[in-house]
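Since the structure comes first, as structure tokens, the remarks are kept for the end.
Computed over heavy atoms, backbone and side chain alike; hydrogens, waters and symmetry mates excluded.
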Amino acid sequence: MDSTPAAPAPSLGSPTTRLEGREKVTGRARYAAEYALPDRAYAWPVPATVPRGRVTAVDTAGALALPGVLAVLTPSDAPRLGACDDPTLRVLQDPEVPHRGWYVALAVAETPEAARAAAAAVRVRYADEPHDGVLHTDHPAAYTPEQANGGYPAHREKGDAAAAFAAAPVRVDCAYAVPPLHNHPMEPHAATAHWDADSGTLTVYDSSQGSGLVRSTLADLFDLPADRVTVVSEHVGGAFGCKGTPRPHVVLAVMAARHTGRPVTLALPRRHLAAVVGHRAPTLHRVRLGARTDGTLTALAHEVTTHTSRVREFVEQAAVPARVMYAAPDLLTTHRVVPLDVPTPSWMRAPGECPGMYALESAMDELACALGIDPVELRVRNEPDAEPDSGHPFSSRHLVECLREGAARFDWAAHRTPRRDGPLLIGTGVASATYPVYVAPSAARAHALPDGTYLVQTNATDLGTGARTVLAKIAADALGVALDRVTVEIGHSALPQGAVAGGSTGTASWGWAVHDACTSLLALLARRSGPIPEAGVSVPADTTASAKQKSPYARHAFGAHFAEVQADTVTGEVRVRRLLGVFAAGRILNPLTARSQFVGGMVMGLGMALTEHSTVDPVFGGFVENDLASYHVPAHADVPDIEVHWLDEHDKHLNPVGGKGIGEIGIVGTAAAIGNAFHHATGRRIRELPLTPDRVLAALG
Ligand code: MOS
């Protein structure tokens, strides 16, 4: 009799709710600030209150006299730190104040309230210096760096874009501005640090996108062997890039723990985030498009000016997507950066692509208007055979299919006449989306246990995305077992090294290692006989060699956004009535959480279009908007029913799981689609985000 059970239905491609969902909704899932270690103390940092200068004196007497205060660390007495690539992490090492909000002291106390009171009682004296936080395109300090963020060359030119532009029969030459934006995840950055002096080991619970990187950074800063440092990021309440590298809070928490000998929790108040955890740098764009009268592009120039801090060069790579999108024979893409007395920018969801595609896709809409060609059609006519900048063939590219399918589902053709409903002007817009396919080396281990279940380990991080769940699905399918026989362990630096959860790489990178480990485990099990021993049977995998291989293909995900908006001619309020996205992002592994990723990106893009902005205060320095009352993220009432679809895309040139990454592409292009719809509705073009009522009324005036 054949006792082989029928193979279970594949898990990948079918919807699965988050495996840790019950833990989260019952409050059992622990976040970094919730590790209530015995005897723990609390730290509260002191931000600088000047826009630029140096600390000349710190008076801690008043703070130390308060009840429950254990210590106050200052730049003159804080423990010295080791080397670090990221100067924003070398906190309390010198008296320089590069921007308002830079930390100048740290209070440690028995309770969070006492620590906060102590921080408020620290008296800091400064020598002020003149400061400049205002970005403009002809700033004398602007320069072209060697590289933009992501290691891309800052400047690329193919042919002579300026000459081709001058010779083009139809031309668009426009400037666009995207303001600074902030990630503002629901869970502000937090860390709990425990220094065990007897064993010389450090354990840190940190809200981060990658505990492996936090571990190696802390080991360097505190001069510890990496194997004495453990970092746990088991549950993370959102990140969007601002937890992609270690942040000052975790360094301060460790400093405080080592200094006091107590476990210390440091949970940043939201009001501190704007200055110390990074932001999307503002970008000023000039886009020139030259075309023949049939819509064929002959010239494309995208020039970006952005800011960075005086602490660290970070260049938002906003001209990079123009290297990918359209078949223009003469193509210029370049970046200039201005170091200012501002907080240091960093990653925010789709760095580069998000602001860059706002500008490029707005300009494409302007060109469509100038030509009198449908904006979907204009994009289709400029579909390239190969990646325009590099000439590499695409591994797969289904932008045209996304545009066509989106147009059909949105009933685009029937909505191309703007209409009026009382005070409301209503119109529609479209924009393309793109995001690169990255993959990073990762390791994993798969165990077969005697009870017939499997354990899979990799140091992945689940930021709320469903990473844990999709890895279990990948493992279940590779092993050919039902999902409930697989347990996944992630979020701990002692596990096999996993890549940072960034760049939409997670599923591909960890999934590849999990797939390899499970496949090897199956092969091993097939070769052996007898029961599984008590300790289980286990197999490691490491994708370093395979993931680092250069692909001969240009690999990108694509998508198309369609928006219908209304502009209120009385109040100036713009509302999105419909939003529809179609994506071609390889194989979709968990439709339930994938939809959430796309929708989440589009909601964030809606916020970028209509409400979100940060402002560098020209007089007092730092960012003006530093809470959710002033930095307006979309609330439920702002978000219409969002429709998301994807194409069934098979791309053999990716990785064993076949996904392209979906965490970021949803935000790319959304704001342009909304801005284009605003223009369609009103006949007015606003080239600076967001479309707030003051700007709208001025434009309609
Ligand atoms: Mo994401 S902005 O690549 O961490």
Side-chain angles (χ1 to χ4, degrees), residues 32 45 47-48 84-91 98-103 133 135 148-150 178-191 206-210 213-214 217 233 236-252 266-283 306-318 337-355 461 463 500-503 604 607-608 612-616 621-628 631 633 663-664 667:
C84 184
D85 294 342
D86 181 352
T88 67
L89 299 180
R90 292 185 41 82
V91 275
H99 60 79
R100 177 180 291 270
W102 177 262
Y103 288 140
L135 175 68
N149 181 32
V178 178
L181 295 167
H182 277 93
N183 313 54
H184 278 311
M186 280 307 292
E187 180 204 17
H189 298 59
D206 187 27
S207 185
S208 95
Q209 287 171 240
L213 182 59
V214 176
T217 304
S233 300
V236 178
F240 312 116
C242 67
K243 298 173 183 171
T245 54
R247 292 303 191 215
H249 72 282
V250 70
V251 181
L252 292 172
L266 194 169
L268 291 186
R270 187 163 303 276
R271 293 182 69 83
H272 285 196
L273 298 190
V276 297
V277 303
H279 59 275
R280 191 196 299 289
T283 41
T306 185
H307 82 199
T308 190
S309 71
R310 290 199 201 276
V311 179
R312 184 184 192 195
E313 182 185 271
F314 181 96
V315 183
E316 181 85 15
Q317 73 275 34
V337 64
V338 183
L340 296 172
D341 305 306
V342 295
T344 303
S346 187
W347 302 348
M348 180 164 158
R349 204 172 199 169
E353 279 73 23
C354 174
T461 322
L463 314 174
V500 165
M604 219 162 156
M608 173 186 176
E612 294 185 39
H613 65 95
S614 293
T615 317
V616 176
F623 287 110
V624 176
E625 299 84 357
N626 52 22
D627 56 27
L628 294 178
Y631 188 90
V633 298
E664 290 163 276
I667 195 175

Original post:
Any side-chain heavy-atom pair from Pro282 and His307 closer than 4.5 angstrom?
Top reply: yes

**OP:** Write down the atom of Phe623, the atom of Ala274, and the distance for their closest heavy-atom approach.
**Re:** CD1-O, 3.5 Å

Original post:
Heavy-atom distance under 4.5 Å between the side chains of Arg271 and Pro47, does that happen here?
Top reply: no

Original post:
Under the side chain to side chain donor-acceptor pair (under 3.5 Å) criterion, do Asp206 and His249 qualify, and how do the steps go?
Top reply: CA-CA 9 Å; Asp206 187 27; His249 72 282; 2.7 Å; yes

Subject >> Inter-residue atom distance Met608.CE - Leu181.CG, 0.5 Å rounding >> reply: 6.0 Å

Subject >> Heavy-atom closest pair, residues Ala350 and Pro355 >> reply: O-CD, 4.0 Å

Subject >> Spacing of OG1 belonging to Thr344 relative to CG belonging to Asp86, to within rounding of 0.5 Å >> reply: 7.5 Å

**OP:** Decide yes or no for Asn183 and Val277: does some side-chain heavy atom of the first lie under 4.5 Å from some side-chain heavy atom of the second?
**Re:** no

Original post:
Just by modelled atom types, is the Cys242 backbone N or O under 3.5 Å from a matching donor or acceptor in the Arg247 side chain?
Top reply: yes

**OP:** Report yes if the side chains of Val250 and His189 come closer than 4.5 Å at any heavy-atom pair, otherwise no.
**Re:** no

Subject >> Non-hydrogen atoms of Pro351 and Gln317 that approach each other most closely >> reply: O-NE2, 3.2 Å

**OP:** Taking all non-hydrogen atoms of both residues into account, name the closest pair between Thr306 and Ala281 and its distance.
**Re:** OG1-CB, 3.3 Å

**OP:** Name all pairs fulfilling the salt bridge (charged side-chain N to carboxylate O under 4.0 Å, His left out) condition that reach into residues 180-189, sequence neighbours left out, sorted by first residue then second.
**Re:** Glu187-Lys243

Original post:
Atom CZ of Arg100 and atom CG of Asn626: how far apart are they, to the nearest 0.5 Å?
Top reply: 10.0 Å

Original post:
Does some side-chain heavy atom of Pro180 sit less than 4.5 Å from a side-chain heavy atom of Thr615?
Top reply: no

Subject >> Glu612, Glu625, Arg270 screened by side chain to side chain donor-acceptor pair (under 3.5 Å) with Tyr631, the one that passes >> reply: Glu612

**OP:** Indicate the atoms forming the closest heavy-atom contact of Ser208 with Leu463, along with that distance.
**Re:** O-CD2, 4.0 Å

**OP:** Answer yes or no: is there a side-chain heavy-atom contact under 4.5 Å between Asn149 and Glu316?
**Re:** no

Original post:
What class does the angle between the rings of Tyr103 and His272 fall in, given that below 30° is parallel, 30 to 60° is tilted and above 60° is perpendicular?
Top reply: tilted

Subject >> Where at least one partner belongs to residues 343-354, residue pairs that pass salt bridge (charged side-chain N to carboxylate O under 4.0 Å, His left out), sequence neighbours excluded >> reply: none

Original post:
Do Leu268 and Pro45 touch side chain to side chain, with heavy atoms closer than 4.5 Å?
Top reply: yes

**OP:** For Ser614 and Pro179, work out which heavy atoms get closest and say how close.
**Re:** O-CB, 4.1 Å

Original post:
Looking at OG of Ser233 and CD of Gln209, how far apart are the two atoms once the value is rounded to the nearest 0.5 Å?
Top reply: 10.0 Å

Original post:
With respect to His279, which candidate in His182, His613, His184 satisfies the ring-ring contact (aromatic ring centres under 6.0 Å, His included) definition?
Top reply: His182

Original post:
Under 3.5 Å, is there a donor-acceptor pair between the side chain of Thr308 and the main chain of Phe314?
Top reply: yes

